[in-house]
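These numbers come from a predicted model, not from an experiment. In what follows, chains carry the letters A, B, and so on, assigned in the order in which the sequence lines appear, proteins first and then strands, with residues in each chain numbered from 1.
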Number of protein chains: 2
Amino acid sequence: MISLWLFLFPCLSLVRVVPAEKGLEFPQYDGKDRVLDINDKNYKKALKKHSMLCLFYHMPVPDNKEQQKQHQMTELVLELVAQVMEEKDIGFGMVDSLKDAKVAKKLGLEEEGSVYVFKDDRVIEFDGLLSANTLVEFLLDLLEEPVEVVENALELKAFDRMEEDIRIIGYFKSEDSEHYEAFKEAAEHFQPYIKFFATFEKSVAKELTLKLNEVDFYEPFMDEPVTIPGRPHSEKELVEFITEHRRPTLRKLRAEDMFETWEDDIEGIHIVAFAEEEDPDGYEFLEILKEVARDNTHLPDLSIIWIDPDDFPLLIPYWEKTFKVDLFRPQIGVVNVTDADSIWLEMEDEEDLPTAQQLEDWIEDVLSGKVNTEDDDDDNDDD
Amino acid sequence: MISLWLFLFPCLSLVRVVPAEKGLEFPQYDGKDRVLDINDKNYKKALKKHSMLCLFYHMPVPDNKEQQKQHQMTELVLELVAQVMEEKDIGFGMVDSLKDAKVAKKLGLEEEGSVYVFKDDRVIEFDGLLSANTLVEFLLDLLEEPVEVVENALELKAFDRMEEDIRIIGYFKSEDSEHYEAFKEAAEHFQPYIKFFATFEKSVAKELTLKLNEVDFYEPFMDEPVTIPGRPHSEKELVEFITEHRRPTLRKLRAEDMFETWEDDIEGIHIVAFAEEEDPDGYEFLEILKEVARDNTHLPDLSIIWIDPDDFPLLIPYWEKTFKVDLFRPQIGVVNVTDADSIWLEMEDEEDLPTAQQLEDWIEDVLSGKVNTEDDDDDNDDD
C-alpha cells in the first residue's frame with residue numbers, strides 16, 4: 001500500500017534544494033514500509049518485539065477523497081518518524097477503530113486521532129500536533145530517564161527556570177532509597193508531560209527547603225510549591241495527588257498536548273491569553289497575568305491558557321481572522337470551544353495594558369458570567 | 001501546473017483527523033494558485049503591486065525525478081505560506097536561475113535555494129529552513145516595526161532576557177529625533193535577524209547606563225555591551241559597525257538562518273556544542289560555555305555554534321549517527337563542514353562536565369590545530 005505513496009515522499013522532508021555543506025541534512029522518507037497494519041494476529045508480537053510500540057488509532061478510512069489523503073498523510077508522518085527513530089527499537093502501527101475494534105478494546109484505545117505509546121506496562125496517550133517534529137520529540141522524551149537528578153546549585157537554577165511546566169521534586173537519601181523507587185514509579189505515570197526531579201544532596205535540598213523524603217509540587221508560574229502531605233509517599237499517593245492537582249491556574253499551550261489541553265475546557269469555554277514572550281509588551285502582559293494567576297490560584301474554576309503566537313506561526317492568521325484580534329499585541333479573551341465565538345478585553349493601544357487589578361476584575365466578570373461570548377452576539381455582532 | 005499537485009495538498013497540512021472542538025484548526029492548502037512564475041514581463045508589476053514580494057530563487061528544474069518532487073514541494077510550501085498570509089498583502093513568486101537569469105541579475109538574486117524578500121527599497125535574504133512554519137514566522141517578523149520601544153522596568157527585563165540574540169539599543173530624546181530616525185533606518189537593514197530597541201525614558205536609559213543618542217551593541221551571551229563609538233550616529237555608521245561585529249563568539253543555531261550560519265564556517269570547520277537548555281546537565285554545560293565565551297570574546301577566530309537539540313528533533317538521530325555522539329548528554333566538538341567528519345571532547349559520564357578551564361584549554365587546542373578532525377582519521381578511525 002505504501003508503495004503508491006512513494007510519489008508523495010518528498011512532502012515529508014523539509015526542503016533544502018542546494019545542500020552546500022555537510023552537517024545539516026534533514027531526513028527524507030526512503031520509501032521503506034515500517035509502519036504495521038495492526039490486527040488480531042500481530043499485535044501481541046509487536047508488543048513483545050519492541051521496547052516501545054507507537055500506535056495511531058484512527059477511524060475507518062473514509063470514502064471522501066480529501067479525508068483519505070489526510071489519512072495517508074498521517075501514515076507518512078508515522079513512516080518518517082519510524083525511519084528517523086529506526087535505531088531506537090520502537091515499533092509503529094495503525095489500528096482501525098472499526099476493523100480492529102477488538103484489538104483496540106484489548107489495548108484500551110479510546111480516542112480516534114490519538115497516538116498511543118506502549119512502554120513496559122504503561123500506555124501513554126499523545127493527543128498533540130501530529131507532525132514529525134513533535135512526535136519525534138515526544139518519543140525521545142519518553143526514552144529519557146523519568147527522573148532528572150539535580151546535583152548542584154547550577155542545575156538547581158535550570159530547575160528554577162522551568163516555570164512553564166508542572167514540576168515535582170523530591171529529596172531522598174540515595175538512588176537506592178525505597179521512597180525514591182516509589183517516586184520513580186510515580187514519575188513514569190506522567191512522563192513526558194510532567195517533569196520529575198530528585199536530589200540526593202543536602203545543600204540542594206536545603207535551598208529548596210525540602211526535608212528527607214519530602215516531595216514538592218510546583219504549579220506552573222507559581223512562586224511557592226505545595227508540599228505533598230504525608231511523607232514518605234507510596235507511588236499511589238503521589239499519583240493520586242498529582243492527578244488531582246494537575247490542572248493549573250495558568251498553563252502554556254504546547255504542541256505535544258495542545259488538543260488535550262483544548263478539550264479540557266471549563267463549561268465549554270477557555271480564557272485565552274495571547275502574549276509573545278520575546279516581545280517587551282508581551283512579556284509585560286505575561287508578568288501581569290502571572291501575578292493575577294498567583295493571587296487567584298485558589299479558584300478551582302480558573303484555568304487560563306497562555307498561547308505564545310511564536311510557537312504556532314501557521315495559526316496566527318487563522319486566529320486573527322477567527323477571533324478578530326491583532327496578535328502583534330497581547331490579548332486576553334473568552335473563547336467558546338463549540339463555535340470559536342469569542343470576546344476580548346479591550347485595550348486602547350500598546351501602552352494601555354490592563355493593571356493586575358483590572359485584569360482580575362475582568363476575570364471575575366468572566367467567571368460570574370457577566371462577560372460571555374453570547375451577550376456579545378446580541379449586542380453588536382451578527383455572526 | 002499547480003493543479004496537478006492538488007493531489008499532494010494534504011502533505012502541507014499538519015494532520016488532525018478528528019477535529020473535536022473549534023479554535024485550533026491548522027490551515028490546509030486550498031489548491032488555489034497564488035505563487036507567480038516570475039519572468040521578464042511580470043516582475044516589475046509584482047514588485048509594485050505588493051508591499052512585500054517574496055521570491056524563491058532556484059536552479060532549473062532538473063530531469064531527476066526526486067529533485068523534481070523536491071522542487072514541487074518547495075512550490076507547495078510557498079503556496080501554503082501565500083495562502084496563510086493572504087490578507088497581509090505579500091506577493092510570492094519563483095525565479096529560475098537559468099530561464100530567468102536576466103531578471104535574477106536585475107533583482108540581485110545570487111544564491112540558489114534562498115528566498116529573497118523585497119520590502120520597500122531593501123532585499124532580505126532568507127537562507128533558513130524552508131518549512132511553512134519558519135517562513136511564516138520570518139515574514140510576520142518583517143511586518144513588525146523594525147525597532148521595539150522599551151518603556152519601563154518590566155519591558156527592560158524582557159530585553160535583558162534575550163541574551164541569545166544580538167541586540168542593539170539606543171536612547172533618544174523622542175520619536176521625532178533625527179538620530180532615532182537614522183537608528184530606525186539602520187534597523188531595517190538587519191530586520192528580522194538582529195533586534196533593535198530604543199527607549200525615550202530617562203529611567204530606562206539610566207538603568208542601561210546609556211547617554212542621550214548613545215547606542216549599545218549586545219553580543220549574544222555577553223554580560224556587558226559595547227558602546228558604538230562616535231555618537232550621534234548616522235545610519236551608515238551604525239550599519240558599518242554592526243556588520244563588522246556581527247559574528248559572535250557564541251551563537252545559537254536558529255531555523256530562520258541555519259544554513260547561512262552553517263556556511264559561515266571558519267577555515268572549513270565549526271566548533272559545535274550540543275546542549276539541551278531544559279535539561280539540568282545541558283543548562284550547566286551551557287553556563288560553563290558562556291563563561292568561556294565571555295573570557296575569550298577577544299579572539300577573532302572563535303565562533304562556537306550552540307545547538308539545542310530540542311529545536312531540531314528530526315536531526316537528532318541523524319547527528320547522533322553522523323557524529324557518533326549521544327545527544328541525551330551535552331557534547332562539544334569540531335565539525336568539518338566539507339565531509340561532516342568530527343571529533344568530540346571526551347566526557348566520561350554526565351557528572352564529568354569539563355570545567356571552564358578544561359574547556360578553554362581544549363578550545364585553545366582546536367584553534368591551534370592540535371585538536372582537529374584529520375588527525376583523528378589517522379589515529380583510530382578508518383572512515
Side-chain angles (χ1 to χ4, degrees), chain A residues 8 10-11 14-18 20-27 58-59 69-71 73-74 77 84-85 87 112-113 129-133 136-137 140 144 148 150 154-155 157-159 162 258-259 262-263 278-280 283-284 287 310 313-318 328 335 337-340 351, chain B residues 8 10-11 14-18 20-27 58-59 69-71 73-74 77 84-85 87 112-113 129-133 136-137 140 144 148 150-151 154-155 157-159 162 258-259 262-263 278-280 283-284 287 310 313-318 328 335 337-340:
Chain A
L8 283 169
C11 309
L14 297 155
V15 180
R16 176 68 181 164
V17 178
V18 193
E21 301 189 310
K22 299 268 181 184
L24 298 184
E25 278 91 25
F26 279 86
H58 61 86
M59 57 180 183
K69 283 176 208 153
Q70 276 220 349
H71 177 77
M73 189 54 202
T74 314
V77 167
V84 166
M85 302 294 279
E87 313 210 343
E112 290 172 338
L129 183 60
L130 211 41
S131 75
N133 259 321
V136 165
E137 197 176 349
L140 287 172
E144 293 209 46
E148 283 276 356
V150 176
L154 211 48
E155 294 192 359
K157 217 175 140 192
F159 169 83
M162 297 177 202
M258 59 188 295
F259 298 114
W262 202 251
E263 281 161 27
E278 282 261 299
D279 177 276
Y283 179 81
E284 187 181 354
E287 288 298 309
D310 272 355
L314 284 181
L315 286 178
I316 295 175
Y318 157 77
F328 281 145
V335 176
V337 296
T338 317
D339 54 10
E351 283 86 63
Chain B
L8 283 168
C11 311
L14 298 155
V15 180
R16 175 68 182 166
V17 177
V18 194
E21 302 190 311
K22 298 271 180 182
L24 297 183
E25 279 91 24
F26 278 87
H58 61 87
M59 57 180 181
K69 282 178 209 149
Q70 277 222 346
H71 176 77
M73 189 52 200
T74 315
V77 167
V84 166
M85 302 293 278
E87 314 210 344
E112 290 171 338
L129 183 60
L130 212 40
S131 74
N133 259 321
V136 166
E137 196 176 352
L140 287 172
E144 293 209 45
E148 284 275 358
V150 177
E151 292 173 48
L154 211 49
E155 294 192 359
K157 216 174 142 195
F159 170 83
M162 298 177 201
M258 60 187 295
F259 299 113
W262 202 250
E263 281 161 25
E278 282 261 300
D279 177 276
Y283 180 81
E284 185 180 356
E287 288 298 309
D310 272 356
L314 284 181
L315 286 177
I316 296 175
Y318 157 78
F328 281 144
V335 176
V337 295
T338 318
D339 54 11

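In this structure, A/E25 CD and B/L314 CG are separated by 14.0 Å, a value rounded to the nearest 0.5 Å. The CG atom of A/L130 sits 11.0 Å away from the CZ atom of B/F26 when rounded to the nearest 0.5 Å.
Remark: A/E278 pairs with B/K195 by the side-chain hydrogen bond (donor to acceptor under 3.5 Å, both in side chains) rule, at least two apart or across chains. The salt bridge (charged side-chain N to carboxylate O under 4.0 Å, His left out) search around A/E287 returns A/K290, not counting sequence neighbours.
Only the side chain of B/Y318 comes within contact range of chain A, with heavy atoms under 4.5 Å apart.
Contacts with chain A were tallied for B/A158, B/A340, B/P317; B/A158 has the most, counting heavy-atom pairs under 4.5 Å. Comparing A/L315, A/L140, A/V335, A/V84 by heavy-atom pairs within less than 4.5 Å of chain B, the highest count is held by A/L315.
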